[in-house]
Amino acid sequence: MYLHGTSRINDHGHLEIGGVDAVKLASDFGTPLYVVDEALVRQRCREFVEAFKASGLKFQVAYASKAFCVMAMCRIADEEGMSLDVVSDGELYTALQAGFPPERIHFHGNNKTPQEIEMALDAKIGCFVVDNFVELQLLNALAGERNRKVNILLRITPGVSAHTHEYISTGQQDSKFGFDLGNGAAYRAIEEASKLPNLEILGVHSHIGSQIFEVEGFKMAVEKVIGFATKVRTELNVLFKVVNLGGGFGIRYVEGDSPLPVAQYVNAIVDSINTSFAGHDYPVPEIWIEPGRSIVGDAGTTLYTVGTYKDIPGIRKYVAVDGGMTDNPRPALYESKYEAMLANRATEKQEEVVSVAGKCCESGDMLIWDLELPKVQTGDVLAVACTGAYNYAMASNYNRIRRPAVVFVKDGQADLAVKRESFGDIVGNDVIPERLQKQTAHA
Ligand SMILES: *Cc1c(COP(=O)(O)O)cnc(C)c1O
């Protein structure tokens with residue numbers, strides 16, 4: 001298993017993260033357990049921020065909180081000078097409760113409800129990323145009721161979609177998100193928004209995909225944006241002060257994943273904005289980006305305890321852990337691949353190939369196929385790497401399994417960031433209607 005960030009093998013032959021022995025973490029906090037390498041999260045934030053600072057341009061790096069949104073994480077994003085993307089009232093609430101400055105919060109989503117918009121207006125967040133015509137009118141009306149003028153970006157679908165290694169520059173119209181550039185919807189949206197009294201158009205937003213390993217897609221998006229920006233400037237007299245290029249910067253989950261260093265993505269974006277805007281005699285806009293996975297993904301490790309196993313001679317050996325699709329649905333949803341190791345026997349040589357199963361009543365509940373490990377025994381601690389993004393965030397209570405705790409480790413210290421759910425949490429929202437209540441025997 002590739003060792004990310006501060007992960008290393010210590011003198012006991014155990015995996016250690018943030019200076020804390022993973023075997024001790026498992027026994028102190030129980031398993032499954034999400035472990036977050038705080039130093040690595042901060043390092044990733046700084047890589048983005050420093051690269052932009054070096055460019056001399058105005059910028060905002062907004063952490064896409066949907067990747068992993070808990071209050072402690074919002075605190076780190078704030079301390080590191082990041083902005084924050086939210087996509088629901090729950091994420092907004094989390095950020096506000098954590099004391100995240102509202103003026104640096106951006107609200108995304110293709111179906112913000114009136115209640116969500118009102119909550120965000122009342123909190124005085126920095127910017128709404130408007131997704132469609134219905135929202136334009138709704139936001140204008142709700143802002144008007146409050147005598148407010150609110151900053152907006154319009155989310156455009158630029159017709160560039162980045163699939164890790166291939167870029168498709170047409171055929172991306174068919175998306176539930178945003179105003180399409182190709183069919184004129186984006187143009188009409190700017191036209192309409194510029195006439196709405198309570199909206200201030202800051203610029204446009206585009207997000208081309210996720211787990212992107214190259215810079216070409218971002219460059220193509222910039223090309224589309226500058227073409228649009230010049231047209232809109234000439235014909236509608238609207239100037240974009242902000243261009244938001246979204247997130248999607250790739251990380252290394254398994255061997256063969258080859259992300260670029262963060263600065264390389266940022267420099268490519270900065271260069272192409274500089275060149276294309278200057279080339280059109282257009283004032284260089286502020287650049288905003290929205291990394292999610294690349295901030296928290298490789299900083300997360302999930303620890304499990306091995307329980308049962310089953311050997312089917314000539315076929316495969318299943319090894320079952322005490323979690324599964326409830327704490328990491330990505331393999332089942334996307335066939336995502338992960339690397340893992342035995343945290344308690346990190347120096348032992350690999351002797352067998354096993355497939356790691358979860359404990360849910362679902363054949364598809366598999367975490368890793370064909371993983372090389374030392375001879376696995378009940379009680380071993382299995383560490384799965386790179387689980388920081390879209391794991392806790394997507395966790396469920398399927399089979400009424402309690403969601404794991406999250407601990408942040410740093411400089412030899414482990415601190416709880418999310419408590420393990422209790423049985424009380426499991427039934428906490430259940431109500432037994434009067435007529436279904438168990439009758440107590442009457443005398
Ligand atoms: C999901 C999303 C992001 C973050 O994507 P990552 O792949 O986690 O970096 C950023 N912006 C928007 C609009 C998104 O939907």
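Since we're looking at a predicted model, the values are computed, not measured. The chain is numbered in sequence order, starting from 1. Read the numbers this way: they start at 1 and go in the same order the structure lists the ligands and their atoms.
Atoms of ligand 1 found under 4.0 Å from any heavy atom of S210, numbered from 1 in the order shown, are 7 (O). Counting atoms of ligand 1 from 1 in the listed order, those under 4.0 Å from a heavy atom of H205 are 13 (C). For ligand 1, the atoms sitting less than 4.0 Å from at least one non-hydrogen atom of H108 are 13 (C), numbered in the order shown with element in parentheses. Of all atoms in ligand 1, numbered sequentially from 1 with element shown, those under 4.0 Å from a heavy atom of R155 are 13 (C).
Neither side chain, R403 nor Y392, offers a donor N or O lying under 3.5 Å from an acceptor on the other. Between the side chains of Y304 and D327, at least one donor N or O sits under 3.5 Å from an acceptor N or O. Remark: the Y187 side chain and the E235 side chain contain an N/O donor-acceptor pair separated by less than 3.5 Å. Remark: the D89 side chain and the Q115 side chain contain no N/O donor-acceptor pair separated by less than 3.5 Å.
E80 and C45 make their closest contact through CB-CB, 3.8 Å (heavy atoms, listed as atom of the first residue, atom of the second, distance).
Here's the thing with Y390: one of its N/O atoms is less than 3.5 angstrom from an N/O atom of ligand 1. In terms of polar-atom proximity, defined here as any N/O pair under 3.5 Å, R293 does make such a contact with ligand 1. For ligand 1, the polar-atom distance check finds an N/O of E290 within less than 3.5 Å of one of the ligand's N/O atoms. Close N/O approach between K66 and ligand 1 is found [any backbone or side-chain N/O within under 3.5 Å].
Heavy-atom separations between G248 and ligand 1 include at least one value shorter than 4.0 Å. Not a single heavy atom of F177 lies less than 4.0 angstrom from ligand 1.
Seen from the ring of Y390, K66 does not count as a face-on cation partner, given the 6.0 Å and 45° thresholds.
Proximity of the aromatic rings of F249 and F218 is defined here by a centroid distance below 6.0 angstrom, and this criterion is met.
The pair K241-E200 counts as a salt bridge, with a side-chain nitrogen and a carboxylate oxygen less than 4.0 angstrom apart.
The closest heavy-atom contact to atom 4 (C) of ligand 1, among the options A64, G209, G178, G109, comes from A64.
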